[in-house]
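Worksheet: one structure, shown below.
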Amino acid sequence: GYKYSRTSSQVLLKFRAAPINPSDYNQVEGKYPIRPALPAVGGNEGSATVLEVGSNVRDLRPGDTVIPAYAGFGTWRTHCVTEETSVKKIPSNLSVAASAMFAVNPCTAYRMIEDYQKPSPGGWMIQNGANSGVGRAVIQLSRAQGIRTVNIIRDRENVEDLRRELLDIGADVVFTSSQRGEMEDFCKENTPRLALNMVGGRETIQLLKCLGENSHLVTYGAMSNSPMSVPFGLQVFKDITLHSYWMTRWTKKHARTELEDEMFGRIAEFYQSGELTPTPYKENSFHDFAEALDNAYKVKQLFVVDKTLSDPRSFGE
């Protein structure tokens, strides 16, 4: 069994599931700003069920579903004992996948839409990396609020299958990165005022070309691993304001505030209504961690604790 000790202010958690995100890779590589002391448990996102609470715990009860209150918690495990203040309660009626992928991609998408010149219903925004976890959340949250999206994906095999997949979840139009002329012509008639930049590098130029005057570009990733290109004329003469966004920084500033509570409530409502669905994923046992890590950039990988605990390898020889 699971051996542990617990103080009166602590809770015993059994994790439900935890995804592999790009930030997890960066943390393992030592490239992420949050560097826990070693030895450490990987995983910045996931959900857990409260099994036991100490006598001085006020706001949590056995059976509650919780997520980490901060990045670097270490979610790639089956159980843990932690302080009540280190976790945040979310609705217990969400699916395992929805609760495990609640705090990073949907919240990042929600905040960037809300906080940087949010388009009015019927208005347009543009994003690259549209098939990423954040990109899919942007599409769905925008559609739910009547905002229209121009979406850019990389050229690849089976690109039409991916285009149809994104259109099916609410994208208004999907271009590949090589369709520059068609994209720019479309945006002249349907001008975005907000751009979300996950790719960085020279792909930033395409977003700037498609934006109208007095617009905003928000960079939240650098998947190209190249310096971001921002030509003087495109930024200055079109009066485009550049922003950076990091969910961890926002959480440090707004943790346990009404603004965070409102965001969590809205994300939960979108999941419950079906307007927001989890990124497509593959379930894994922790025993298959090597394969999951190898394939994490091909399809979202989700460590599922019950799958691990029922795995014969969990019982030894």
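Starting from 1, each residue takes its place in the sequence as its number.
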Answer with yes or no whether the hydrophobic clustering places [X] together with [Y]; edges join I, L, V, M, F, W, Y residues whose side-chain heavy atoms lie under 4.5 Å apart.
X    : Y    : value
L196 : I240 : no
F175 : L208 : yes
V150 : L217 : yes
W246 : F102 : no
M198 : V138 : yes

Short N-O contact, [X] and [Y], less than 4.0 angstrom:
X    : Y    : answer
D306 : K14  : yes
D168 : R164 : yes
K88  : D59  : no
R154 : E203 : no

For the [atom1] atom of [X] and the [atom2] atom of [Y], what is their distance to the nearest 0.5 Å?
X    : Y    : atom1 : atom2 : value
D115 : H243 : CG    : NE2   : 10.0 Å
I153 : L162 : CD1   : CG    : 4.0 Å
S92  : R61  : OG    : CZ    : 13.0 Å
I67  : S47  : CD1   : OG    : 8.5 Å
N26  : I34  : CG    : CD1   : 11.0 Å
I90  : T65  : CD1   : OG1   : 6.0 Å

Using every non-hydrogen atom in the two residues, find where [X] and [Y] come nearest and quote the distance to one decimal.
X    : Y    : value
P19  : L302 : N-CD1, 3.6 Å
R256 : A69  : NH2-CB, 3.9 Å
A100 : A17  : CB-O, 3.5 Å
Y110 : M263 : CD2-CG, 3.5 Å
T279 : G133 : OG1-CA, 3.5 Å
N44  : A71  : OD1-C, 3.7 Å

Ignoring hydrogens and angles, tell me if any N or O in the side chain of [X] forms a donor-acceptor pair with the backbone of [Y] under 3.5 Å.
X    : Y    : value
S142 : I139 : no
Q127 : G135 : yes
R148 : R143 : no
S95  : A98  : yes
N21  : S23  : no
S224 : V199 : yes
S314 : T308 : yes

Query raised in the report: Does the pair E45 and D24 meet the rule for a side chain to side chain contact (heavy atoms under 4.5 Å, CB included), with working shown?
Result: CA-CA 9 Å; E45 184 182 33; D24 300 320; over 6 Å; no
Might you confirm whether atom [atom1] of [X] has over 12 heavy atoms from other residues, nucleotides or ligands at distances under 6.0 Å?
X    : atom1 : answer
K118 : NZ    : yes
K238 : NZ    : yes
E29  : CD    : yes
R202 : CZ    : no

Report task. Before giving the answer on side chain to side chain contact (heavy atoms under 4.5 Å, CB included), spell out for T191 and R193 the whole-Å C-alpha distance, their side-chain angles and the decisive distance to 0.1 Å. Result -> CA-CA 7 Å; T191 307; R193 302 292 178 184; 4.2 Å; yes
So do the side chains of [X] and [Y] get within less than 4.5 Å of each other, counting heavy atoms only?
X    : Y    : result
F289 : N284 : no
L276 : Q140 : yes
W76  : I20  : yes
N295 : Q301 : yes
P106 : M101 : no
P91  : F264 : no
P278 : K300 : no
R111 : Y245 : yes

Requested in this report: Report the C-alpha distance between T219 and L242 in whole Å, list the side-chain angles of each, state the deciding distance to 0.1 Å, and finish with yes or no for side chain to side chain contact (heavy atoms under 4.5 Å, CB included).
Outcome: CA-CA 8 Å; T219 297; L242 306 181; over 6 Å; no
Query - Test ring pair (Phe, Tyr, Trp, His ring centres under 6.0 Å) applied to H216 and Y116, step by step - result: CA-CA 7 Å; H216 294 255; Y116 301 97; 7.5 Å; no
Looking only at side-chain N and O atoms, does [Y] offer a donor or acceptor that is under 3.5 Å from a partner on [X]?
X    : Y    : value
Q272 : N93  : yes
N128 : Q206 : no
S9   : N56  : no
N151 : T149 : yes
Y4   : E52  : yes

Query raised in the report: Looking at residues at least two apart in the chain, or sitting in another chain, which of them share a salt bridge (Lys or Arg N to Asp or Glu O under 4.0 Å) with K282?
Result: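 Listed in chain order: nothing, the list is empty.
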Query raised in the report: Got a sec, which residues hit salt bridge (Lys or Arg N to Asp or Glu O under 4.0 Å) with K298, two or more places apart in sequence or on another chain?
Result: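 For K298 there are no salt bridge (Lys or Arg N to Asp or Glu O under 4.0 Å) partners, ignoring immediate neighbours.
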Requested in this report: Could you list the residues that satisfy ring pair (Phe, Tyr, Trp, His ring centres under 6.0 Å) with F73, not counting sequence neighbours?
Outcome: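 Partners of F73 by the ring pair (Phe, Tyr, Trp, His ring centres under 6.0 Å) criterion, ordered by chain and then number, come out as Y70.
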Requested in this report: List the steps, then state whether side chain to side chain contact (heavy atoms under 4.5 Å, CB included) holds for V174 with E165.
Outcome: CA-CA 10 Å; V174 181; E165 186 180 334; over 6 Å; no
Query raised in the report: Do W124 and F186 have their ring centres less than 6.0 Å from each other?
Result: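 Ring centroids of W124 and F186 are less than 6.0 Å from each other.
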